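Worth saying up front: this structure is predicted, and the values here are computed from it rather than measured.
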There are 4 protein chains.
Amino acid sequence: MAGINKVILVGNLGKDPEVRHLEGGNSVAHFTLATNEYYKDKQGARVERTEWHNISAWRGLAELAEKFLKKGSQVYVEGKLRTRQYQDKDQQTRYVTEIIAEEISLLGGRPGGGTNGTGSATGSANGADENVSLRQEPELDQLPF
Amino acid sequence: MAGINKVILVGNLGKDPEVRHLEGGNSVAHFTLATNEYYKDKQGARVERTEWHNISAWRGLAELAEKFLKKGSQVYVEGKLRTRQYQDKDQQTRYVTEIIAEEISLLGGRPGGGTNGTGSATGSANGADENVSLRQEPELDQLPF
Amino acid sequence: MAGINKVILVGNLGKDPEVRHLEGGNSVAHFTLATNEYYKDKQGARVERTEWHNISAWRGLAELAEKFLKKGSQVYVEGKLRTRQYQDKDQQTRYVTEIIAEEISLLGGRPGGGTNGTGSATGSANGADENVSLRQEPELDQLPF
Amino acid sequence: MAGINKVILVGNLGKDPEVRHLEGGNSVAHFTLATNEYYKDKQGARVERTEWHNISAWRGLAELAEKFLKKGSQVYVEGKLRTRQYQDKDQQTRYVTEIIAEEISLLGGRPGGGTNGTGSATGSANGADENVSLRQEPELDQLPF
DNA sequence: TTTT
DNA sequence: TTTT
């Protein structure tokens, strides 16, 4: 029986996305996303806690990430959880959990959600003036699961 | 700025939950949840892929899990992602990603979604005839983050 | 700027779906879905409250509904909200809010979540033994908005 | 059996919230939220479509709305669907579907997502500099269902 | 490593 | 009635 595997995040990119263009025309972007939450501890002090998420975006979503997202951008990400295993340098099996993006939408107003270290202060260059949003179903057989 | 960190799963338990009763009256349940998906590969063959998720449920949700969930049960789980780090036996830092449950709802009809290895074929004993569903906000300062 | 408009429901069909096959090969299914919740009133008495939702499913999702869903079936429905206006018999403008389905997944175990008034007690005929689940993006320009 | 009734929206307020302070200290805010989507029609022309949602926020969420939200603000709203019936001026039964908010989070960067008709251009007055976010379970027996 |  |  089919199940549901859905993640919904709203947060800020920790760094500019890293994009790799694969042989065959495919491309993939990776970035980390911070989601903050606030609560009071037993002493009543306000505590901030940040959770970091590993996001993978493929094909059209990788292109959107490359063009429009950068360090600090506030985005909505919807996707699915996937835990991959790999061998570390000591040949130990390790696991890493990622969110495979299925929808990305750039949030925030005019001035944009972040500053680009490399300059390009061209007004709302990466702001959400335009409609920066895409939904894309994963082509599962093309992912290196 | 606060973010959104939300996971929604519908799947089946891989094993009976493991419940620990902590000092101080707190309790925590752990279980794994399988979400299946189906797709066609390039040759058009039907492929099934199973993703396994680590679920942690605290306090009231742990009690619900202990009483009503077992291997095979079909459940709805809503929660948040949390990646913990720990030291493995070689003193290497390792990471594991879990879903901290905020809502659990037992799905499925009368006969229940699973068989209990220990017997207890008492009709709808663990079926969803009753309302087996609970939402509970995490008390963040009480979790061993 | 693009927004997010998402509905996630788990509930039971109130009646068998009504399916219309439109000219041009398109088809649409309508059904109502009940979601129950339980709470205690001020006197501590347990109260059940049922919310009814109007679901519209198009094309492949309409076919899935026609083939596999019936009165009582427990389903997961994901979709988007849409409020339509129409003229009632007195030429008054009226509004109705529907959920346009984007994903439907039949839940529940072997015997299935419902009985079919027309018989067909063929074992797990409409149970979720098979993978009865489909995601389908709406072709917005083909919907009669 | 309990169900799931969940709505997730990201959009912009059409007007400032209307807040009523009820006898007994309770309060409720109403506002409309626009979610935009973009698609291409059969001729390939880009079309924008706006869906309007009726949001009701109670108690703490009403106070958050009153203090921090205004026309144009970009917000995340999570809640549940509820269809109310009422008698119109001709004593006809009418229905209206609302989203009862359970979580509201103000999105957007410094300059804030909207302009206040009454002035107060005080920098980030309504921006999301602060953590403007609240989750609150509905006290169902206190809502005028 | 983000954001406020 | 919003936003871009």
query: Hey, is D/W52 stacking on F/dT2? Ring centres under 5.5 Å, planes under 30°.
result: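 No; centroid distance or tilt outside limits.
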When the distance from [atom1] of [X] to [atom2] of [N] is rounded to whole Å, what number comes out?
{"X": "A/Y38", "N": "E/dT2", "atom1": "OH", "atom2": "P", "result": "13 Å"}
{"X": "A/F31", "N": "E/dT1", "atom1": "CZ", "atom2": "P", "result": "19 Å"}
{"X": "D/D16", "N": "F/dT3", "atom1": "CG", "atom2": "P", "result": "11 Å"}
{"X": "D/N131", "N": "E/dT2", "atom1": "CG", "atom2": "P", "result": "18 Å"}
{"X": "D/L33", "N": "F/dT2", "atom1": "CG", "atom2": "P", "result": "13 Å"}
{"X": "D/H53", "N": "F/dT3", "atom1": "NE2", "atom2": "C1'", "result": "13 Å"}
{"X": "A/E37", "N": "E/dT3", "atom1": "CD", "atom2": "C1'", "result": "14 Å"}
{"X": "C/Y95", "N": "F/dT1", "atom1": "OH", "atom2": "P", "result": "12 Å"}

What nucleotide, of [options], holds the atom closest to the side chain of [X]?
{"X": "D/N36", "options": "F/dT2, F/dT1, E/dT2", "value": "F/dT2"}
{"X": "D/E48", "options": "E/dT2, F/dT2, E/dT1", "value": "F/dT2"}
{"X": "D/K15", "options": "F/dT2, E/dT3, F/dT1", "value": "F/dT1"}

message: Is it true that, when you exclude D/E48 itself, more than 12 heavy atoms of the residues, nucleotides or ligands shown sit nearer than 6.0 Å to its CD?
response: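 Yes - once you tally the heavy atoms of other residues, nucleotides and ligands closer than 6.0 Å, there are more than 12.
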- prompt: Is D/E18 atom CD crowded by more than 12 heavy atoms from other residues, nucleotides or ligands, each under 6.0 Å away?
  reply: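 Open: at most 12 neighbouring heavy atoms sit under 6.0 Å from CD of D/E18.
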task: Would you please test D/E78 and D/K6 for salt bridge (charged side-chain N to carboxylate O under 4.0 Å, His left out) and show each step?
output: CA-CA 7 Å; D/E78 185 180 331; D/K6 182 169 291 291; 2.7 Å; yes
message: Nearest 0.5 angstrom please: B/R135 CZ to B/L61 CG, how far?
response: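 B/R135 CZ to B/L61 CG: 9.5 Å, rounded to 0.5 Å.
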message: Categorize A/T50 for me: base, sugar-phosphate, or nothing, with a 4.0 angstrom heavy-atom threshold over every strand shown.
response: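 Base, at least one base atom sits under 4.0 Å.
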